[in-house]
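We name chains A, B, ... by the order of the sequence lines, and we start the count at 1 in each one.
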Number of protein chains: 2
Amino acid sequence: MRLSTRGHYGLKAMFDLAQHYGTEPIPLKSVAERQNLSEHYLEQLIARLRKAGLVKSVRGAQGGYILAREPGKITVGEIIRALEGPIAPVECVKEVDPKECDQADYCISRMVWARVRDSIAGVLDSISLADMCREAAKIHQTKSFDHNRGGWTLYDP
Amino acid sequence: MRLSTRGHYGLKAMFDLAQHYGTEPIPLKSVAERQNLSEHYLEQLIARLRKAGLVKSVRGAQGGYILAREPGKITVGEIIRALEGPIAPVECVKEVDPKECDQADYCISRMVWARVRDSIAGVLDSISLADMCREAAKIHQTKSFDHNRGGWTLYDP
DNA sequence: TCAATTCATACTAAATTACTCGGATTTCAT
DNA sequence: ATGAAATCCGAGTAATTTAGTATGAATTGA
């Protein structure tokens, strides 16, 4: 029940783009460095995301990638589906074009997997990139608690 | 986000044993036939289930397998963990012994996967083999609705 | 014009999957 | 006792997937 690195790394990259949303295009190189990923591998992942219409590219020098929509309007579910295909613990309960076996309508285990699929999709579709950014901001605040002063410090990059 | 056939087939086999619970030991051969699975492959899967204490074996002629506990006391979650290992969409949120990366405590995508893991575990741990048997009985009833008589027929094997 | 970038395709080593195969061992039934 | 029915065990293997790397062409701002 594992995600491949495609979904894992791809989400990291999209989160990185979300954190820089509203500025210039972000080159993959910097995404790869910040998230500690292979740039060449990321290229392949972002190609899928581009084809799915989740990011836009700007070619040439000073080019890079920007989210195709604002972070609040892109869900983790869309990202994962673009990278890994339809959510499905087993083939016969794929969200689109399921390959049903001949016992499909009385196969009980199939119902279990359909429930798992719905539960996964429910979580992924309920989280947007904006949610992740908010979470990151919250954590950053916590981490900058100043133990010497015994109080909160302002984040000032 | 796929389950391997281990979990998929293994659950089918356990469900089959559950439907025959309380009788003689069930040989793998018959399980394999009913569930349409390779007997040799099932042997490997059931070995894991036995080592996990979920089934008991009876060796020799007229031998076979029986559930180690009644179907109501065995959850799908236990079965899947025995066959596939700890539930974890990504390594860093494994239920036991997670391999955390150095950014573990401020990695936001990690939190997403932890929520997915909990959601999957929640579903799997909430379904017992007895639940599946009840579901099967319900469906069988529905399927034997007699459209000619316009009423329900009794199941009489 | 050059350096930074995206874009596209092909290749590959390693791991995993989904089995098969062969045989040893145990035990019931006759 | 013997044979058939079973579990048990470990090795082997073809196909697929994974997680990249390699190479180079095309695009574009400074």
Side-chain angles (χ1 to χ4, degrees), chain A residues 1-13 17 20 23-33 35-68 80 83-85 88-91 99 101, chain B residues 1-13 17 20 23-33 35-68 80 83-85 88-91 99 101:
Chain A
M1 195 75 102
R2 291 279 156 80
L3 202 71
S4 76
T5 55
R6 283 200 297 280
H8 189 182
Y9 296 174
L11 178 58
K12 285 191 179 197
L17 292 184
H20 294 86
T23 66
E24 32 345 307
I26 312 296
L28 268 198
K29 193 180 179 197
S30 68
V31 174
E33 273 166 12
Q35 303 296 324
N36 197 30
L37 305 169
S38 148
E39 183 187 348
H40 274 303
Y41 190 38
L42 256 195
E43 272 182 16
Q44 295 176 36
L45 307 186
I46 204 106
R48 295 187 188 222
L49 294 165
R50 181 169 46 80
K51 283 165 193 162
L54 295 176
V55 299
K56 281 187 283 200
S57 65
V58 179
R59 300 189 68 168
Q62 277 65 50
Y65 294 91
I66 49 179
L67 296 184
I80 295 306
L83 292 164
E84 306 250 352
V90 300
E91 272 279 319
K99 198 178 81 188
C101 67
Chain B
M1 195 76 103
R2 291 280 157 79
L3 201 74
S4 76
T5 54
R6 284 200 296 281
H8 189 181
Y9 296 175
L11 178 58
K12 285 191 180 199
L17 292 184
H20 295 85
T23 65
E24 5 28 280
I26 313 295
L28 268 199
K29 193 180 179 198
S30 67
V31 174
E33 274 166 12
Q35 304 294 326
N36 197 31
L37 303 170
S38 147
E39 183 186 348
H40 273 303
Y41 189 38
L42 256 195
E43 269 180 20
Q44 294 176 36
L45 307 186
I46 204 106
R48 297 188 186 219
L49 294 165
R50 181 170 45 81
K51 283 165 193 161
L54 296 176
V55 298
K56 280 186 282 198
S57 65
V58 178
R59 301 189 66 169
Q62 278 65 49
Y65 294 91
I66 49 180
L67 297 183
I80 296 305
L83 291 164
E84 308 250 350
V90 300
E91 271 280 320
K99 198 179 77 189
C101 66

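- Take the nearest nucleotide of DNA chain D for A:G60 and for A:S38: the residue whose nucleotide is more 5' is A:S38.
- Here the CD1-CG distance, from B:I46 to B:L17, works out to 5.0 Å after rounding to the nearest 0.5 Å.
- In this structure A:E91 satisfies the salt bridge (Lys or Arg N to Asp or Glu O under 4.0 Å) test together with B:R2, sequence neighbours excluded.
- Under the 4.5 Å side-chain criterion, counting only non-hydrogen atoms from C-beta, A:Q44 is not in contact with A:R48.
- Residues of residues 1-12 of chain B that place a heavy atom closer than 4.0 Å to DNA chain C, in numerical order, are B:S4, B:T5, B:R6, B:Y9.
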Please tabulate, for the side chains in residues 3-11 of chain A, all donor-acceptor contacts under 3.5 angstrom to protein atoms that are two or more places apart in sequence or on a different chain.
from: A:S4; atom 1: OG; to: A:R6; atom 2: N; distance (Å): 3.2
from: A:S4; atom 1: OG; to: A:E84; atom 2: OE2; distance (Å): 2.8
from: A:T5; atom 1: OG1; to: A:Y41; atom 2: OH; distance (Å): 3.0
from: A:R6; atom 1: NE; to: A:L83; atom 2: O; distance (Å): 3.2

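- Not counting sequence neighbours, the partners of A:R50 by the side chain to side chain contact (heavy atoms under 4.5 Å, CB included) test are A:A47, A:V55, A:S57.
- Of all non-hydrogen atoms in B:Y65 and B:L28, the two that sit nearest each other are CE1-CG, 3.5 Å.
- To the nearest 0.5 angstrom, B:K12 atom NZ is 10.5 Å from B:L42 atom CG.
- If you check residues 40-58 of chain A against DNA chain D, the residues with a heavy atom closer than 4.0 Å are A:H40, A:Y41, A:Q44, listed by number.
- Here the range on DNA chain D touched by chain A, meaning any atom under 4.0 Å from one of its heavy atoms, is D:dT18 to D:dA30.
- When DNA chain C is scanned in the 5' to 3' direction for atoms under 4.0 Å from non-hydrogen atoms of chain A, the outermost contacting nucleotides are C:dA4 to C:dA10.
- For A:S38, there are no side-chain hydrogen bond (donor to acceptor under 3.5 Å, both in side chains) partners at least two apart in sequence or on another chain.
- The side chain to side chain contact (heavy atoms under 4.5 Å, CB included) search around A:P25 returns A:V58, A:I66, not counting sequence neighbours.
- How far CD1 of B:I26 is from CD of B:E24: 5.5 Å, rounded to the nearest 0.5 Å.
- Residues forming a side chain to side chain contact (heavy atoms under 4.5 Å, CB included) with A:A68 (at least two apart in sequence, or on another chain): A:K56.
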